[in-house]
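Treat the numbers as computed from the prediction; the structure is a model and nothing was measured. Naming convention: chains lettered A, B, ... in sequence-line order (proteins, then strands); numbering from 1 in each chain.
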Protein chains: 2
Amino acid sequence: MIRRPAASLNPGLLPELIGYRLRLAQQAVFRDFAASVPGVSPGRVGMLLLIEANPGVTQSRLAQAVSRDRSTMVGVLDQLEARGLIERRRGADRRTNGLWLTRAGRAMLARAKRAITAHEQRVAARLTAAERTRLLELLARIAV
Amino acid sequence: MIRRPAASLNPGLLPELIGYRLRLAQQAVFRDFAASVPGVSPGRVGMLLLIEANPGVTQSRLAQAVSRDRSTMVGVLDQLEARGLIERRRGADRRTNGLWLTRAGRAMLARAKRAITAHEQRVAARLTAAERTRLLELLARIAV
DNA sequence: TATTGTTATACTCTATAACTATA
DNA sequence: TATAGTTATAGAGTATAACAATA
């Protein structure tokens, strides 16, 4: 049977929807991140950055900061701890665990930050510096 | 023990990263969508819109259009079919299934489109029309 | 009583590999 | 041989409910 090259689909309404464009942009950024910063997802790096900026933060406060249930954090932190990137230390309020980067965690985060710098440049390659700033500002108005 | 109100965390580097802002914006949009368009996720509505704009599209072409594996589509389409929103019809190439909205599917999609109109207005409530257009354009340059 | 961390459990979304029927 | 749809299976990532320790 003769095969015509499959024309791309009619996208219909989708390109007019902010949510759709956000999803496509996020998927593109995620793919580039995965290729640029091997071994950790954007979400995990985000947590490491928060622990770096807030040493000793409790699990629950970190969970709140990333909009996840505190039970969800347990497994995530177990993994980061098993990889030697963070440690839990019993807090003054002995119900809590304070979270700290280990030496290895600080080293990996330093490497990740350098990779993220290059990643950000690729992601914004088609934007001027002013456009990039404008995009961040418009996104902040979407997310409140 | 005396409890100080937990100050919000120091966000560190995160607010400067396009991927982080995209994620927050997308989560906010997703939440509003879920509250506005009950019963279907953004992804599912996207598929219904593509089937509407491309009646008879095959499963594999739809999978390609939404960047998913064709095996992933099977279960998704099973669900939409079980809900009576779409039907599969054997294609002229008898290996393929053409996808079509049912009458119920068209009706639900019409309702969803009205809900999406209101949803889009809420999402862009802090943006002028020109800013909204600008945002869509900048996002398109991120996602290629 | 209320909160923190934990466990058990389940659900959603996704992919890979192998199968079948058709081409 | 190659492709479309399917199945079995597995892995992320997430949430809810219930529990022990501590406040």
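- In this structure a side-chain-to-backbone donor-acceptor pair under 3.5 Å is present from A:Thr102 to A:Gly84.
- Counting to the nearest Å, the P atom of C:dA23 and the CG atom of B:Asp93 are 6 Å from each other.
- Here D:dT14 is the nucleotide among D:dT14, D:dA23, C:dA23 with the atom lying nearest to any side-chain atom of A:Arg68.
- For residues 90-119 of chain B, every residue pair satisfying the ring-ring contact (aromatic ring centres under 6.0 Å, His included) rule, not counting sequence neighbours, is listed here: B:Phe33-B:His119.
- Looking only at atom types and distance, the side chain of A:Arg44 has a donor-acceptor partner in the side chain of A:Gln79 under 3.5 Å away.
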Restricting to nitrogen or oxygen on both sides, can you table the protein-nucleotides 5-12 of chain D pairs closer than 3.5 Å?
from, atom 1, to, atom 2, distance (Å)
D:dG5, OP1, B:Gln59, N, 3.1
D:dG5, OP1, B:Asn97, N, 2.9
D:dG5, OP1, B:Asn97, O, 3.3
D:dG5, OP2, B:Ser60, N, 2.6
D:dG5, OP2, B:Ser60, OG, 2.6
D:dG5, O3', B:Asn97, ND2, 3.3
D:dG5, N7, B:Arg70, NE, 2.8
D:dG5, N7, B:Arg70, NH2, 3.2
D:dG5, O6, B:Arg70, NH2, 2.8
D:dT6, OP2, B:Gln59, OE1, 3.1
D:dT6, OP2, B:Gln59, NE2, 2.8
D:dT6, OP2, B:Arg88, NH2, 3.2

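- C:dT6 atom C1' lies 17 Å from atom CZ of A:Arg94, rounded to whole Å.
- Using a 4.0 Å cutoff on non-hydrogen atoms, no part of residues 32-43 of chain B comes near DNA chain D.
- One atom, CE of A:Met73, and another, P of C:dG5, lie 10 Å apart when rounded to the nearest Å.
- A:Thr96 places no side-chain N or O within donor-acceptor distance of the main-chain N or O of A:Ala92, the cut-off being under 3.5 Å.
- With rounding to the nearest 0.5 angstrom, the OG1 atom of B:Thr58 is 9.0 Å from the CG atom of B:Asp93.
- Side-chain atoms of B:Asn54 come within 3.5 Å of backbone N or O of A:Asn10 as a donor-acceptor pair.
- Note: A:Leu9 CG to B:Gln64 CD = 7.5 Å, rounded to the nearest 0.5 Å.
- Using modelled atom types, one finds a donor on one side chain and an acceptor on the other under 3.5 Å when comparing B:Arg88 with B:Gln59.
- Distance CZ (B:Arg90) to C1' (C:dT20): 12 Å, rounded to an integer number of Å.
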